[in-house]
Q: 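Let me begin by handing over the structure; questions about it come next.
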There are 2 protein chains.
Amino acid sequence: MPTSTVENYVKQIYLQQQSRAADLLPMGQLAAAMNVVPGTATAMVKTLAESGLVEYEPRGGIRLTEGGARLALHVLRRHRIIEAFLVDVLGLDWSQVHEEAELLEHVVSDKVLDRMDALLNHPQYDPHGDPIPTSQGDIAEQAILPLMSCKSGDQAIVARVSDQDPEFLQYIERHGLVPGTQINVSSLNTLADSVEVRLPKDKTVVLGSNAAAKILVRPHIAG
Amino acid sequence: MPTSTVENYVKQIYLQQQSRAADLLPMGQLAAAMNVVPGTATAMVKTLAESGLVEYEPRGGIRLTEGGARLALHVLRRHRIIEAFLVDVLGLDWSQVHEEAELLEHVVSDKVLDRMDALLNHPQYDPHGDPIPTSQGDIAEQAILPLMSCKSGDQAIVARVSDQDPEFLQYIERHGLVPGTQINVSSLNTLADSVEVRLPKDKTVVLGSNAAAKILVRPHIAG
DNA sequence: GTAGATGTTTTGAGTAATCAAAATAGTATG
DNA sequence: CATACTATTTTGATTACTCAAAACATCTAC
């Protein structure tokens, strides 16, 4: 049985490997993501390698094995179903559920998870818009793009807000940019480094490119 | 922040102190309840005493402080609300939820717990019939009654055997009627002046009213 | 009142995870 | 190519928890 710590490392390696395109994840990257000093990450990675969860190339970096990826997706499934459950069944705010899920993901049994999943009607996406892996470990690869890559006039649906900072999430929520929201890129100006989007009810929000980079959208082809 | 282990020790001390009437809980009792070797319990109790959660009398035993009891009741509240939630909302079997709750009780936040509590309509008893402490730490004190005052079909826990006669005590022990044992009043006949109780493992014992009068129990209200 | 039996504490050691700081490798700069 | 910079690894310690087994108290019995 993997410890919570092992699960967290493997999950984080998976997530980091997603965002960075490179094959090998550098040690420092992992240490930063896990909020530990580099030496700790090195030590931990060695034991992960012993258990066959990662391949470790000293001074090069790490990569998940088949088994490591399977575990990562398993943890991710737990995390995301729990988030969905906390929002949809317990009525918590989607900007606050990440921390909770971070702890719960290591202790809910498969039985409980299945009940949650059933009660939610087997959702495909969590409240942040992240895809939920199946129990077999399949995950929906989705064509989602950063908001800044849209053109003026494009329609899209907010797919994901890729940041966990509660303050940012709350800001996003106050302005109605939650995942699932249909938006309209009313003007996008690369020179002014900003984008204005129109939301339902004719509200508008202006974001700088740094903020906009965290907003990922599924482009909506207007019928 | 107390660790899960500390919470478990404190909870267990509370529960053991309930069933045994004595003021001081002997070390061996705690070690057995926690499933650790005696030395481990001794070591742990010392750190609990350092944190002001228990009073420790070497070679005598332990007793919860005010603060220790508060923590114990807090954990117990979590445990029991979670059990109720797993049964009533997620539809699990009441016989299976204890293990789950054992893990979850250390990680659910107050916010989540409050939502569960509200969703369940502030239940007073968990699925096993144990009273749920309030968030202020008040708990319904369960009356201790003579076994003969039960009705057929009642569930109860042996609370005390109020007799000092070694022969009687040994008889009681041989038949598994020690304090803490969960019993089921299978038939109680005032005319025949006897009561039959069913124990775990489907053993049964028949006692006359004189003997039964010495057995004090805490009735278990289901639901 | 010495001799066991029983229960408790101490001692020594191990595991999992962490940090601080010294050592080392690799890469880039002059 | 030596020098310096950066990333990584090693080393030595620490914390929280645990066990096995030796040492020690306490109570009981003879």
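In what follows, chains carry the letters A, B, and so on, assigned in the order in which the sequence lines appear, proteins first and then strands, with residues in each chain numbered from 1. Side-chain atoms are counted along with the backbone in the values below, which use heavy atoms only and exclude waters and symmetry mates.
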Q: Indicate yes or no for a side-chain donor-acceptor contact from Thr134(A) to the backbone of Gln136(A) under 3.5 Å, with no hydrogens or angles considered.
A: yes
Q: What is the distance from CD of Glu57(B) to P of dA25(D), rounded to the nearest Å?
A: 18 Å
Q: Are any side-chain N or O atoms of Arg115(B) and backbone N or O atoms of Gly91(A), one a donor and one an acceptor, separated by less than 3.5 Å?
A: yes
Q: Identify each donor-acceptor pair in which a side-chain atom of residues 31-46 of chain B lies under 3.5 Å from a protein atom, sequence neighbours left out, and give them as a table.
A:
residue: Thr42(B); atom: OG1; partner: Pro38(B); partner atom: O; Å: 3.3

Q: Nearest whole angstrom, please: distance from the P of dA17(C) to the CD of Glu50(A).
A: 13 Å
Q: Is a side-chain donor or acceptor of Arg78(B) paired with a backbone partner of Val108(B) at a separation under 3.5 angstrom?
A: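 Checked: pair present.
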Q: Rounded to the Å, how far apart are Leu48(A) CG and dA17(C) P?
A: 9 Å
Q: Taking CG from Leu30(B) and P from dG7(C), how many angstroms apart are they, rounded to a whole number?
A: 15 Å
Q: Check whether any side-chain nitrogen or oxygen of Tyr9(B) sits under 4.0 Å from OP1 or OP2 of dT18(D), and answer yes or no.
A: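 Yes, Tyr9(B) has a side-chain N/O under 4.0 Å of OP1/OP2 on dT18(D).
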Q: Could you state the atom-to-atom distance from CG of Leu24(A) to P of dG26(C) in whole Å?
A: 15 Å
Q: Establish whether the base of dT8(D) is bridged to the side chain of Arg59(A) by a donor-acceptor pair shorter than 3.5 Å.
A: yes
Q: Between dA16(D) atom C1' and His106(B) atom NE2, what is the distance in whole Å?
A: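 After rounding, the gap between these two atoms is 15 Å.
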Q: Quickly work out the Met27(A) CE to dT9(D) P distance and round it to whole Å.
A: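 In whole Å, dT9(D) P lies 5 Å from Met27(A) CE.
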Q: Without hydrogens or angle criteria, can the side chains of Ser109(B) and Glu100(A) be said to hold a donor-acceptor pair below 3.5 Å?
A: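 Yes, side-chain donor-acceptor contact under 3.5 Å.
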Q: Tabulate atom names and distances for all N/O pairs under 3.5 angstrom spanning the protein and nucleotides 10-16 of chain C.
A:
residue: dT10(C); atom: OP2; partner: Lys46(B); partner atom: NZ; Å: 2.2

Q: What is the separation between atom CG on Asn8(B) and atom C1' on dC17(D), rounded to the nearest whole Å?
A: 13 Å
Q: Could you tell me if His79(B) and His98(B) have a donor-acceptor pair between their side chains, going purely by distance under 3.5 Å?
A: yes
